[in-house]
Peer 1: 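Have a look at this one.
Here the structure is a predicted model, which means the values were calculated and not measured.
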Amino acid sequence: MVALRQNLQIRTRQNQSLTMTPQLQQAIRLLQLSTIDLRQEIQQKLEVNPMLEVDDSNVIASMESLDALAEKENQDDVFDPFSDDENGGDMVASARLHDKDGNVLDTSAVLGKDSEMRQQSDIDVNRLQSDMGSSTDITSNSFDVNYDPNNDESLAIGAEPEHTTSYADDDGYDDPLSLPESTITDITKTRDRELEEDEMPDRLTTSEQDPGLSNQEDSFDIHDDNYSAKSRAKGVAIDDDGVYEGETQVNLHDHLKWQLDCSPMSERDYNIGLAIIDAISDTGYLSEPLEVILDIVCQRFPETTMDDVLVILKLVQSFDPLGVGARDVRECLMIQIADRRTKDNSFECALAEQILDRYMDMLSNHDYRNLCNKLQITEDTLKSVLSIIMGLTPRPGRTAVEEKSRYIVPDVIATKDKNGEYQVTLNPASLPRIKVNDQYKSLMCYAKNEREKDYFKSNLQEANWFIQSIAKRNDTLLKVARCIVAHQKAFLDGGECFMQPLVLNDIAQEVDMHESTISRVTTEKYIHTSRGTYELKYFFSSHVNTDDGGTASSTAIRAEIRSIVMGEDPRHPLSDNQIAAQLKDKGYCVARRTIAKYREYLNIGSSSQRKRLV
């Protein structure tokens, strides 16, 4: 029989767990964001949180933007010293205060001279009218309604005007004031039509108001109905509202399709061309076999043959850029050299076409000696032929559309002071400064119910957390950047050959942070130095042992390999073993396989590929 036993035990267990608060999660997320992503995050917070606003307190009020200066220059306000405007006195004082010699002028004297000039002008006008009245009756309003502005005789210099039309007609209207209203209307319309024929504008155009402006605006107004697709691609606002609709990037396929649309052909051939263009890669080569293209077109046009596809392929290969749609490098270069042969009938151009057609393997292997023997030419002639071949484009798709340059805004800036020390500061232009909106914060005391109080409280708390997270991010970034600059001062002074070995753990121990935090803060963060702008990750590299027991950075080893290759003899380039031997003479213990890996990293070919003719 089994006995039952009862006992009572008390056990104490202590567990430790890390719970990340929402504020800590936000700080970690902002730490790994790049500058562009953080700008977007700030913009989103400004849109959804009324407690946040951009801090413009550091903006200098006296600095004006270029747009403000241009707007001030294009103002239509005309200075009038005799205006009744209350600011007229100030304008007169500012405009007539000094003469050309810098002497102060009396304003009353200036105004008195101007009045005398106006009186003299009135006297001259009255005298002219009196002289004209003696010979011609100005108030007679007699003119020829049948005047032809295109008649050269009537426009002759010194020709007397013939007044063949009189106001006296069959009804006996001798006085022009006694003419009927219908007659006066007809005469007025006739005179207006003559003024239009004489090209008398009622207002000045933009170029006449400001001759400094180009005629581009007028050309847009004239050709508004027939603008090209190129103007759309550049983001030009064609409509009268002047709204900028953004820039459209034209790729290689759009460029080829536009040329296909300009080529007259049948619907079947047009569909073949579309299928070929869709099969062209970004480098400009045909990525699909012609059989696949034929099967696609036959689904709609069953009578299509391979010859039809080849004909349209030939047409596409003649499009800009020349050689696009080729199936291999040889065909691409042959298309370009054949087009050049139509313009250049030299002996070297014919040899270039022969080499590309028959001896492409020797050319790719840089077997220049056998190539000279096959063609029975000298090395000087071969150099001229190779210069023609090197001028061709093996990747035509890269030259079709120019890629827009992308600029990097550095997060931190390293400058050297007078004592030779580097000072690291945050770039104030990288991120907008934000603060709590005092106006919305003051509205918290006017909340009427708990819902409104919770709304204000939650938004204020999120705003404070967001501002603190950005401040912590900036402090961590600045601390890490200063530590990196202190380790790599020799690189900033001497260049890549003086790069010191550095890993993430070295910085983490020095700033008392985790290695993952250092990795987040150095990813996609850039520093501007006197040697250029670099990513913070660039300063970290592995180490290689040296003969004296020390270590060297892999970046410095790559710089040494690049300098050795640049100084070698192109006729007899160095092998990897020879490069390793030269590095060993400088104190670097590097294996041949490491040399090959670094050489491929630097996009440096092998010794056979680097062989050149001098």
Side-chain angles (χ1 to χ4, degrees), residues 276 280-287 289-290 306-307 309-400 561-562 564-579 595-596 599-600 602-614:
I276 293 175
I280 294 176
S281 62
D282 294 336
T283 57
Y285 288 94
L286 195 65
S287 59
L290 294 181
M306 182 59 70
D307 294 337
V309 177
L310 291 174
V311 169
I312 302 301
L313 177 62
K314 202 72 173 179
L315 175 64
V316 173
Q317 290 176 351
S318 64
F319 287 168
D320 179 68
L322 196 63
V324 69
R327 286 159 285 188
D328 51 24
V329 180
R330 176 182 170 278
E331 184 180 10
C332 177
L333 298 180
M334 284 294 296
I335 293 172
Q336 299 179 38
I337 198 65
D339 180 74
R340 181 165 181 172
R341 284 273 291 162
T342 59
K343 308 171 186 176
D344 186 3
N345 294 324
S346 61
F347 175 70
E348 289 80 3
C349 191
L351 282 178
E353 185 177 11
Q354 185 179 358
I355 291 174
L356 293 175
D357 188 20
R358 301 180 183 179
Y359 307 106
M360 190 68 181
D361 296 337
M362 291 184 181
L363 180 64
S364 59
N365 294 329
H366 298 272
D367 192 1
Y368 300 128
R369 181 175 299 177
N370 292 331
L371 196 58
C372 291
N373 295 332
K374 289 284 186 181
L375 298 174
Q376 297 181 358
I377 57 176
T378 61
E379 290 186 357
D380 294 336
T381 306
L382 184 59
K383 284 194 298 184
S384 302
V385 174
L386 292 180
S387 64
I388 296 176
I389 297 177
M390 295 296 293
L392 304 178
T393 306
R395 295 180 179 88
R398 302 287 178 84
T399 61
I561 293 174
R562 184 189 294 110
I564 291 174
V565 172
M566 291 179 63
E568 68 182 2
D569 185 8
R571 279 180 170 270
H572 305 286
L574 300 175
S575 62
D576 293 342
N577 290 328
Q578 293 173 337
I579 295 176
I595 297 294
R599 181 173 49 75
E600 293 176 359
L602 297 173
N603 294 326
I604 298 176
S606 60
S607 58
S608 61
Q609 294 175 346
R610 298 198 307 270
K611 189 175 182 181
R612 296 290 184 270
L613 292 175
V614 179

Peer 1: To the nearest 0.5 angstrom, please state how far the CD1 atom of Ile388 sits from the CZ atom of Arg340.
Peer 2: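 Rounded to the nearest 0.5 Å, the CD1-CZ separation comes to 5.0 Å.
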Peer 1: Look up atom CG in Asn365 and atom CG in Leu371, then write down how far apart they are to the nearest 0.5 Å.
Peer 2: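 Rounded to the nearest 0.5 Å, the CG-CG separation comes out at 11.0 Å.
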Peer 1: For Leu322 versus Pro396, what's the shortest heavy-atom pair and its separation?
Peer 2: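 Closest approach of Leu322 to Pro396, heavy atoms only: O-CB, 3.9 Å.
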Peer 1: Search all heavy atoms of Ile280 against all heavy atoms of Gly325 and return the closest pair with its distance.
Peer 2: CD1-CA, 4.0 Å
Peer 1: How many angstroms lie between CG in Asn370 and CE in Met362, if you round to the nearest 0.5 Å?
Peer 2: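 The CE atom of Met362 is 5.5 Å from CG of Asn370, to the nearest 0.5 Å.
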Peer 1: With heavy-atom distances below 4.5 Å as the criterion, would you say the side chains of Pro573 and Gln609 are in contact?
Peer 2: no
Peer 1: At what distance, to the nearest 0.5 angstrom, does CD1 of Ile561 lie from CG of Leu574?
Peer 2: 11.5 Å
Peer 1: Is it the case that the side chains of Gln317 and Glu331 hold a donor-acceptor pair, with the cut-off being a distance below 3.5 Å and no angle test?
Peer 2: yes
Peer 1: Under a 4.5 Å cut-off applied to non-hydrogen side-chain atoms, are Thr393 and Arg398 in contact?
Peer 2: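 The answer is no; the side chains never approach within 4.5 Å.
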Peer 1: Is it the case that the side chain of Asp339 and the backbone of Ile335 share a donor-acceptor pair, with hydrogens and angles ignored and the cut-off at 3.5 Å?
Peer 2: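 No; zero donor-acceptor contacts below 3.5 Å.
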Peer 1: Please evaluate residues Gln578 and Ile564 with respect to the criterion side-chain contact (heavy atoms from CB on, under 4.5 Å), reporting the C-alpha separation (whole Å), side-chain torsions for both, the decisive distance (0.1 Å), and the verdict.
Peer 2: CA-CA 10 Å; Gln578 293 173 337; Ile564 291 174; over 6 Å; no
Peer 1: Kindly state each residue pair satisfying salt bridge (Lys or Arg N to Asp or Glu O under 4.0 Å) with at least one member in residues 348-357, sequence neighbours excluded.
Peer 2: Arg330-Asp357, Arg341-Glu353
Peer 1: Sub-3.5 Å donor-acceptor pair from the side chain of Arg327 to the main-chain atoms of Leu286, do we have one?
Peer 2: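 Between the backbone of Leu286 and the side chain of Arg327 there is no qualifying donor-acceptor contact (under 3.5 Å).
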Peer 1: Count the heavy atoms belonging to other residues, nucleotides or ligands that lie under 6.0 Å from CG of Asp328, then report whether that count exceeds 12.
Peer 2: yes
Peer 1: I would like to know whether Arg395 and Cys332 meet side-chain contact (heavy atoms from CB on, under 4.5 Å); could you show each step before the answer?
Peer 2: CA-CA 8 Å; Arg395 295 180 179 88; Cys332 177; over 6 Å; no
Peer 1: Please find the pair of heavy atoms, one from Leu375 and one from Tyr359, that lie closest to each other, and give the distance.
Peer 2: CD2-CE1, 3.6 Å
Peer 1: If we only count heavy atoms from C-beta on, is the Leu392 to Leu356 side-chain gap below 4.5 Å?
Peer 2: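 A side-chain contact exists here, since the closest heavy-atom pair is under 4.5 Å.
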Peer 1: Output yes when a side-chain donor or acceptor of Arg610 lies under 3.5 Å from a complementary backbone atom of Gly605, and no otherwise.
Peer 2: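 Present.
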Peer 1: Any chance you could lay out the side-chain contact (heavy atoms from CB on, under 4.5 Å) test for Leu602 and Val565, step after step, and finish with the verdict?
Peer 2: CA-CA 11 Å; Leu602 297 173; Val565 172; over 6 Å; no
Peer 1: Start with the C-alpha gap between Leu363 and Leu386, add the side-chain angles, then the distance that decides, and say whether side-chain contact (heavy atoms from CB on, under 4.5 Å) holds.
Peer 2: CA-CA 9 Å; Leu363 180 64; Leu386 292 180; 3.5 Å; yes
Peer 1: Once rounded to the nearest 0.5 Å, what's the spacing between atom OG1 of Thr381 and atom CZ of Phe347?
Peer 2: 7.0 Å
Peer 1: Which residues pass the side chain to side chain donor-acceptor pair (under 3.5 Å) test with Ser387, sequence neighbours left out?
Peer 2: none
Peer 1: Under a 3.5 Å threshold, yes or no: a donor from one side chain and an acceptor from the other, between Asp344 and Ser346?
Peer 2: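 Judged by distance alone, the side chains do pair up.
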Peer 1: Hey, what do you get for CD1 (Ile604) to CZ (Arg562), rounding to the nearest 0.5 Å?
Peer 2: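 Taking CD1 in Ile604 and CZ in Arg562, the distance rounds to 6.5 Å.
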